[in-house]
Amino acid sequence: QVQLVESGGGLVQPGGSLRLSCAASGFTLDYYAIGWFRQAPGKEREGVSCISSSSGMKYYAQSVKGRFTISRDSAKNTVYLQMNSLKPEDTAVYYCAARRFASAQAMCVGPYDMDYWGKGTLVTVSS
């Protein structure tokens with residue numbers, strides 16, 4: 001069964017950190033560009049960070065540059081999003097997605113025509 005499963009979300013205070021995981025089953029993540037997206041209540045889904053398949057090029061939305069880091073672990077077939085210096089405006093449901101033959105920037109900027117989506121994990125940044 002092909003699926004993406006996110007984990008690692010939760011409640012964190014402003015300034016804190018979380019690491020999200022996106023684990024794949026049924027296919028190999030290395031052959032896909034992988035992206036993290038988020039959707040806050042009442043807002044459109046936005047691309048947060050994406051990583052290409054072959055070159056490993058990374059893209060970050062301006063709002064998270066310098067605070068978030070995307071990485072791959074091929075042995076675990078997992079992609080991570082390390083989130084530091086979290087702000088209340090980072091509160092959202094975070095989704096990972098996989099897409100073949102896409103650059104990191106194209107994947108994150110849109111349109112969001114993905115091969116696979118996860119179901120999301122909630123991140124709440126609040127004191």
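Only heavy atoms go into these numbers, but all of them, side chains included; no hydrogens, no water, no symmetry mates.
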Next item on the list: State, yes or no, whether a side-chain contact exists between M57 and I51 at a heavy-atom distance under 4.5 Å.
Entry: no

Check: Which pairs count as disulfide bond (SG atoms under 2.5 Å apart) when at least one residue sits in residues 24-79, sequence neighbours excluded?
Finding: C50-C108

Notebook entry, point to check: From Q39 CD over to Y94 OH, what is the distance, rounded to the nearest 0.5 angstrom?
Noted result: 12.0 Å

Item checked: ring-ring contact (aromatic ring centres under 6.0 Å, His included) against Y31, all qualifying residues, sequence neighbours excluded -> none

Next item on the list: Might you point out which heavy atoms bring L4 and A24 nearest each other, and give the distance in Å?
Entry: CD2-CB, 3.7 Å

Note to self: With ring pair (Phe, Tyr, Trp, His ring centres under 6.0 Å) as the rule and sequence neighbours excluded, what pairs involving residues 35-64 come up?
What the structure shows: F37-Y112, F37-W117

Next item on the list: Locate the shortest heavy-atom distance separating P14 from S126; write the atom from each residue and the value.
Entry: CD-C, 3.6 Å

Next item on the list: Spell out, as yes or no, whether a donor-acceptor pair under 3.5 Å connects the side chain of N77 to the backbone of T28.
Entry: no

Notebook entry, point to check: In chain order, what residues pass the side-chain contact (heavy atoms from CB on, under 4.5 Å) check against V93, with sequence neighbours excluded?
Noted result: Y95, L122

Checklist line | Residue pair V123 / T91, side-chain heavy-atom distance below 4.5 Å | finding: no

Next item on the list: Please list all pairs passing the side chain to side chain donor-acceptor pair (under 3.5 Å) test where one or both residues lie in residues 98-111, with sequence neighbours left out.
Entry: none

Note to self: For R19 and L81: C-alpha separation, side-chain torsions, deciding distance, then whether side-chain contact (heavy atoms from CB on, under 4.5 Å) applies.
What the structure shows: CA-CA 6 Å; R19 188 179 78 159; L81 184 69; over 6 Å; no

Item checked: Shortest non-hydrogen contact from I70 toward I34 -> CD1-O, 3.9 Å

Checklist line | Residues which pass side-chain contact (heavy atoms from CB on, under 4.5 Å) with A33, listed by chain and number, not counting sequence neighbours | finding: A102, M107

Next item on the list: For A61, check side-chain contact (heavy atoms from CB on, under 4.5 Å) against everything at least two apart and list the hits.
Entry: S63, V64

Check: Roughly how far apart are S17 OG and F68 CZ, rounded to 0.5 Å?
Finding: 9.5 Å

Check: Tell me the salt bridge (charged side-chain N to carboxylate O under 4.0 Å, His left out) pairs involving residues 112-127, sequence neighbours left out?
Finding: none

Margin query: Is the distance from the ring center of F27 to that of Y116 below 6.0 Å?
Written below: yes

Next item on the list: List, by chain and number, the other hydrophobic cluster members for Y80, where Ile, Leu, Val, Met, Phe, Trp and Tyr join if side-chain heavy atoms come within less than 4.5 Å, directly or indirectly.
Entry: none

Checklist line | Sequence-distant partners of S25, side-chain contact (heavy atoms from CB on, under 4.5 Å), two or more places apart | finding: Q3

Item checked: Under 3.5 Å: donor-acceptor pair, side chain of E6, backbone of G120 -> yes

Check: Roughly how far apart are L20 CG and S49 OG, rounded to 0.5 Å?
Finding: 11.0 Å

Check: Checking T78 side chain against K76 main chain: does a donor-acceptor pair fall under 3.5 Å?
Finding: yes

Next item on the list: Search all heavy atoms of S53 against all heavy atoms of D30 and return the closest pair with its distance.
Entry: CB-O, 3.4 Å

Checklist line | Backbone N/O of L29 and side chain of R72: donor-acceptor pair under 3.5 Å | finding: yes

Next item on the list: Scan residues 4-43 for pairs that pass disulfide bond (SG atoms under 2.5 Å apart), counting only residues two or more places apart or in two chains.
Entry: C22-C96

Next item on the list: Output every pair passing salt bridge (charged side-chain N to carboxylate O under 4.0 Å, His left out) with a member in residues 38-53, not counting sequence neighbours, ordered by first then second residue.
Entry: R38-E46, R38-D90

Margin query: Tell me whether M114 shares a hydrophobic cluster with V79, the cluster being built from Ile, Leu, Val, Met, Phe, Trp, Tyr side chains joined at under 4.5 Å.
Written below: no

